[in-house]
Amino acid sequence: MAVAAAPSSSRAGRRLVGRVARSEGATGWLFASPAAILIAIFGLLPIAWSLLLSFQKADLLTPDTPWVGTANYRQMANDPLFAGAIQHTIVYTSLFVPGTIVVGFLIAVALNRKIRGISIYRTAAYVTMAVSSISAAIVFLWLFDPVYGVVNYGLSLLHLPQQPFMSDPSQALFVIVLMTVWGWTGFAVVIYLAALQGIPQDVLDAAAIDGASRFTVLRTIVVPLLSPATLFLVVWLTINALQLFDEVYLSTRGGPLYSTSVVVYYLWDQAFRQFNAGYAAAMAYALFLVIALVTAIQFWLGEKFVHYSS
Amino acid sequence: MAQVELRNVTRRYGSDVFALRDLNLDVADGEFIILVGPSGCGKSTALRLLAGLDKPTSGDILIGGQVVNSMLPGERDIAMVFQNYALYPHMSVYRNLAYGLKQRKTPKHEVDERVRRTSTMLGLESLLERKPAQLSGGQRQRVAMGRALVREPRVFLLDEPLSNLDAKLRSEVRGELKRLHHRLGITTIYVTHDQVEAMTLGDRICVMSEGTLQQLGTPQEIYESPANVFVAGFMGSPAMNLARVPLVAGQVLWGGLPVAHVELGLDEVVVGVRPESFRVVGADEPAAVATVDFVEPLGSHNLVHVRMEASGAPSPAGAPSPQTAELVVAQVPTHERPTPGSRIRLGIDPMDVYLFHPASGVALTEVQLSPIARIS
Amino acid sequence: MTVHTVVTVPDDVVSGTSTSNPVPDARRSRAPSPWHLVLIPITFVLLVPLLWMLITSLETPDEAAQFPPTLVPHDIRWANYPDALNAAPFGQFFLNSAIVAVVVVLSNVVLCSLAGYAFARLQFPGKSLLFASLMVTLMVPFQVTMIPEFLIVKWLGIHVASGVGIDHLGALIVPNLVTAFGIFFLRQFFRTIPVELEEAARIDGTSRIGVLFKIVLPLSLPALSTLAALTFLDSWNNFLWPLIVIDSQSNMTLPLGLTFFQSAHATQWTLLMAGNVMSLLPMLVIFFAAQRYFVRSVAATGLKG
């Protein structure tokens with residue numbers, strides 16, 4: 001009977017399991033391998049493959065991907081649309097990052113007090129975090145509608161001329177800046193509010209006793225003590241700004257006249273619309289290097305200007 | 001330098017939470033005054049009101065004879081040392097010291113000169129370029145002091161400035177504070193919950209509890225004639241033994257020993273005896289009899305924790321029931337080292353016995369009672 | 001690319017109630033603070049986009065197509081909502097988003113816990129090299145990996161199982177079952193748990209897996225809920241990857257479905273806003289219910305969907 005045979009084999013099995021379980025090395029691999037295999041397939045392999053693709057001509061359809069050397073990289077230097085995308089990305093980033101930081105800082109300072117109803121105000125500021133980039137873009141498109149939009153209505157109340165907004169190549173990018181600043185305000189407020197609460201009250205009291213006005217306290221004590229939060233926001237918002245895509249896709253598809261075509265939008269278009277996957281991979285690597293470089297520079301500057309407590 | 005006055009100062013939160021109730025206090029020019037009490041007694045509130053970090057609900061605050069109620073902290077010409085020092089963490093020691101002077105538009109060379117002078121006085125010369133995070137606790141404390149001193153304010157406010165130092169450093173800085181005050185003569189208001197600091201530093205001590213002033217007096221007065229049960233119990237270490245004792249025909253019997261006579265028509269009184277007032281006596285002397293619970297040897301003397309036997313004669317069985325036994329601490333010389341469980345006879349000089357009203361807790365003065373002559 | 005920061009968030013930031021300051025604020029007991037005059041306009045400006053979305057979703061198409069705009073609708077037109085549902089399967093989009101998010105959250109919590117614990121506490125050959133190579137993926141932006149990921153998913157769909165291939169929900173789930181960020185985040189947290197607790201349990205004869213499930217994970221609930229909240233937000237709001245791999249409407253998640261709906265009904269603003277309200281509502285409900293977790297999580301790690 002199977003029953004009779006079972007004990008000896010199951011005892012051996014238990015011993016084997018016991019020995020494996022006792023060996024820390026095996027347990028470690030056992031625990032780590034599911035995650036490691038998945039990340040190897042969907043994280044590490046694509047990193048290498050992408051590098052390979054950047055030296056190939058690939059269209060995502062045919063399995064044949066001929067080697068083209070550095071042609072894709074050389075093409076970037078001679079592509080006016082790519083140059084435009086870089087320029088738009090730089091303009092966007094240099095407006096979005098400081099804009100979000102200033103708005104977030106001012107609102108956080110206003111919210112950093114204990115008055116009745118403050119939790120309602122805070123929730124209202126945080127709620128933008130729950131709104132997806134797509135939802136926000138749709139709403140802003142409507143707010144800035146050139147014909148029926150409330151923003152134009154507001155301008156008319158102020159006796160200012162109506163604006164075309166999204167349909168004007170010189171304005172569309174700025175509307176995208178506004179919608180993304182709005183979307184990231186809650187995030188910046190949370191970061192700054194947490195940092196503000198970390199400033200000891202007695203340090204502010206000491207400055208008041210030393211005769212500093214409220215504004216001087218803000219300038220000479222609060223702002224320097226918030227510098228780690230500011231550095232974090234600068235780095236984090238910059239990384240996200242350089243990867244802007246969702247809002248552009250939804251609201252303008254890069255137009256009008258390529259005026260909102262930013263790097264990632266152009267890259268996606270090249271890869272999945274024009275099927276120039278090799279070229280897109282090269283651009284992605286270039287973006288990666290730029291992000292790494294910018295982040296490194298920001299941290300390096302941060303070392304000089306940021307005050308870290310303890 | 002200036003005198004400081006609080007007139008009927010009350011600080012109320014909401015409609016019924018009193019942080020400070022009708023406080024009156026006169027601090028003479030150059031005086032060193034201590035506000036002492038347990039946490040929540042209102043001492044820190046009083047200091048914050050003086051500094052202008054909080055506003056009184058009613059009453060007036062005067063500095064140098066001038067009402068400062070509506071003046072900002074920076075306009076009051078006061079300086080404050082905070083419990084956690086509150087150094088500007090992103091500034092060097094030099095800039096910490098100079099900050100207040102710069103806010104007052106002091107000329108640059110004068111700022112420099114004063115910072116150098118103050119740092120020399122406090123031994124901070126070699127630390128001027130460091131940030132607070134690079135300093136030890138004691139050094140930070142000095143910088144906090146220096147930041148207050150460098151301004152040469154009219155009034156010096158200190159909020160538990162020694163509480164973050166270890167015991168040895170604390171007594172060092174205590175001595176230094178005393179010397180500095182002697183030398184500079186700045187009116188100083190010092191908040192602490194530590195009675196040793198209160199006794200050693202203050203010209204006068206202001207004992208507070210639950211937002212009200214309990215007693216104001218010199219350290220000697222506070223120790224020798226506490227105004228009420230709270231002051232008696234709070235000042236002195238170890239604390240005064242306090243017990244509710246029923247009166248039998250006006251006789252105050254404690255542990256079987258008559259210690260006082262009260263003719264006020266009361267049923268009971270609160271009796272207080274400081275641990276250091278006990279003497280261990282022989283069988284031939286009148287004494288309160290107690291059972292030794294345990295002994296804490298402290299080197300210079302021993303603290304004997306005993307259970308007082310119920311009022312009246314010791315019970316024949318010798319074992320007092322726990323309900324009636326009171327725990328009492330007696331300070332005795334080191335050679336007295338009774339074993340736990342043994343009986344001990346404690347003599348008390350009636351002159352060292354404090355009596356308090358059982359309801360109000362107010363001290364019964366000598367006028368109101370007649371101490372029994374010591375029976376020898 | 002992820003930047004890690006340690007921001008401790010006082011409860012105060014989360015709830016807005018005063019607990020930390022021992023000295024109650026003077027203004028509390030007195031007349032309303034003048035700061036309300038600053039905060040009310042700020043709040044209004046921040047909420048205008050959402051309010052305007054709601055108002056438009058209740059207007060008639062004629063009211064919406066007017067200038068000056070109708071600020072208060074004359075008749076509240078609820079019919080925009082059923083109309084929007086008829087025009088696009090928002091229920092399906094929602095279901096797809098929910099399936100993807102729930103599976104991804106659960107698998108991240110389990111797999112990142114196992115791997116995070118291994119990297120935090122166990123010694124095994126190749127550990128540091130493995131950890132370092134996993135962390136490399138944290139540095140690289142998604143744009144670098146998305147093209148090969150597309151090709152891998154396509155290959156898997158043809159050669160392994162069609163359910164994980166292009167235009168299937170599996171394609172949204174499988175590549176996100178585990179993240180290097182989650183492993184790193186939990187590893188850091190596990191290292192703060194006193195090792196003595198684990199040693200005591202092991203001396204009592206508990207196995208490694210028992211220690212993880214009976215000691216470590218119960219103590220890590222704050223970190224696990226933070227990871228869950230972040231993973232959920234990320235998955236729920238993800239747009240670029242679904243855009244690349246999903247084509248048919250029946251497999252779209254909410255952001256993608258909304259985009260599809262927007263391009264099909266670009267001038268029907270009342271329907272568009274009704275659809276937008278419906279796609280936002282579940283997230284808003286979850287956000288209000290778990291505001292504490294979201295705020296803490298976002299501040300703690302600096303991730304945003």
Side-chain angles (χ1 to χ4, degrees), chain A residues 21 24-25 27-29 31-32 34-36 38-39 42-44 46-47 49-50 53 107 110 113-115 118-119 121-122 124-126 129-130 132 134-135 138-139 142-143 148 150 153 187 190-191 193-194 197 232 235-236 239 243 245-246 250 264 267 271-272 277 280-281 284 287-288 291, chain C residues 1 3 5 7 9-10 12-13 16 18 25 27 33 35 38-39 42-43 46-47 49 52-53 65 67-69 111 114-115 118 122-125 134 137 140-141 143-145 147-149 175 177-178 180 183 207-208 237 239-240 255 258-259 262 269 276 280 283-284 287 295 298-299 302 304:
Chain A
E24 201 172 287
T27 316
W29 273 102
F31 283 12
L38 281 164
I39 291 176
F42 295 104
L44 291 172
I47 292 174
W49 193 346
S50 204
L53 275 174
I107 294 178
R113 55 203 71 250
K114 290 169 175 125
I115 57 177
I118 195 70
S119 56
Y121 295 126
R122 286 185 185 168
Y126 298 160
M129 286 192 296
S132 72
I134 292 299
S135 286
I138 290 178
V139 175
W142 175 224
L143 287 172
Y148 305 117
V150 272
Y153 174 61
F187 177 78
V190 169
I191 298 289
L193 213 43
Q197 309 254 320
F232 166 70
V235 170
W236 187 246
I239 290 172
Q243 299 182 55
F245 177 81
D246 299 3
L250 185 111
V264 173
L267 189 164
F272 297 100
L287 176 71
F288 173 30
I291 290 178
Chain C
M1 208 184 243
V3 173
T5 179
V7 184
V9 189
D12 211 21
V13 175
S18 109
D25 195 292
R27 284 174 289 257
S33 159
W35 277 96
V38 178
L39 288 167
I42 290 176
T43 306
L46 283 176
L47 292 183
W52 190 235
M53 169 180 68
F67 195 88
L111 295 181
L114 286 171
L122 302 178
Q123 296 305 324
F124 54 94
L134 296 189
T137 61
V140 181
Q143 291 78 26
V144 169
T145 56
I147 298 167
E149 267 189 72
L177 284 174
V178 65
I183 296 172
S207 66
R208 278 292 186 184
N237 292 336
F239 178 69
L240 182 50
L258 206 54
T259 311
Q262 191 253 353
W269 287 106
N276 207 0
L280 256 178
M283 198 61 217
L284 286 182
F287 183 80
V295 169
V298 166
K304 183 190 179 279

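We use all heavy atoms of the structure for the numbers below, so side chains are in, but hydrogens, waters and symmetry mates are not. Letters A, B, ... mirror the listed sequences (proteins, then strands); counts begin at 1. Just so it is clear, the structure is predicted and the values come from calculations on it, not from any experiment.
Residue contact with chain C, scored on non-hydrogen atoms closer than 4.5 Å, involves the backbone and the side chain of A:I47 alike. Contacts of A:L287 with chain C are made by side-chain atoms alone, with heavy-atom separations under 4.5 Å and no backbone atom involved. For C:Q262, the part lying under 4.5 angstrom from a heavy atom of chain A is the side chain only. Within the 4.5 angstrom heavy-atom criterion, only side-chain atoms of A:F245, from C-beta onward, approach chain C. Using a 4.5 Å cut-off between heavy atoms, A:F272 touches chain C through its side chain atoms alone.
Nearest heavy atoms, A:E24 versus C:Q123: OE2-N, 2.7 Å. Between C:L134 and A:I39, the shortest heavy-atom distance links the atoms CD2-CG2, 3.6 Å. Closest of all the heavy-atom pairs between C:L240 and A:D246 is N-OD1, 4.3 Å. Taking each heavy atom of C:L111 and A:A35 in turn, the nearest pair found is O-CB, 4.2 Å.
No other option in C:P255, C:A118, C:P49 has as many heavy-atom pairs under 4.5 Å with chain A as C:P49. When each of C:V38, C:L46, C:T43 is checked for heavy-atom pairs under 4.5 Å with chain A, C:L46 comes out on top. Most heavy-atom pairs under 4.5 Å with chain C, from the set A:L38, A:V264, A:I138: that is A:I138. The candidate from C:L47, C:I42, C:V144 with the greatest count of non-hydrogen atom pairs under 4.5 Å with chain A is C:V144. Contacts with chain C were tallied for A:P34, A:A280, A:A110, A:A124; A:A110 has the most, counting heavy-atom pairs under 4.5 Å. Per-residue counts of heavy-atom pairs under 4.5 Å with chain C were compared for A:V150, A:L143, A:I107; the largest is that of A:V150.
Inter-residue side-chain proximity for A:S135 and C:L258 is flagged as met; some heavy-atom pair is nearer than 4.5 Å. Residues A:M129 and C:F287 form a side-chain contact, since some pair of their non-hydrogen atoms from C-beta on lies under 4.5 Å apart. Within the 4.5 Å cutoff, the side chain of C:W52 has no heavy atoms near those of the A:V139 side chain. At a threshold of 4.5 Å between non-hydrogen side-chain atoms, the residues A:I115 and C:L39 count as touching.
A:S50 pairs by the side-chain hydrogen bond (donor to acceptor under 3.5 Å, both in side chains) definition with nothing, not counting sequence neighbours. Not a single ring-ring contact (aromatic ring centres under 6.0 Å, His included) links A:F42 to another residue, sequence neighbours left out.
The distance from the CZ atom of A:F288 to the CD atom of C:Q143 is 11.5 Å, given to the nearest 0.5 Å. Rounded to the nearest 0.5 Å, atoms CG (A:L44) and OG1 (C:T145) are 10.5 Å apart.
The aromatic rings of A:W29 and C:F124 sit perpendicular, their planes meeting at an angle over 60°, well past the 30° parallel limit.
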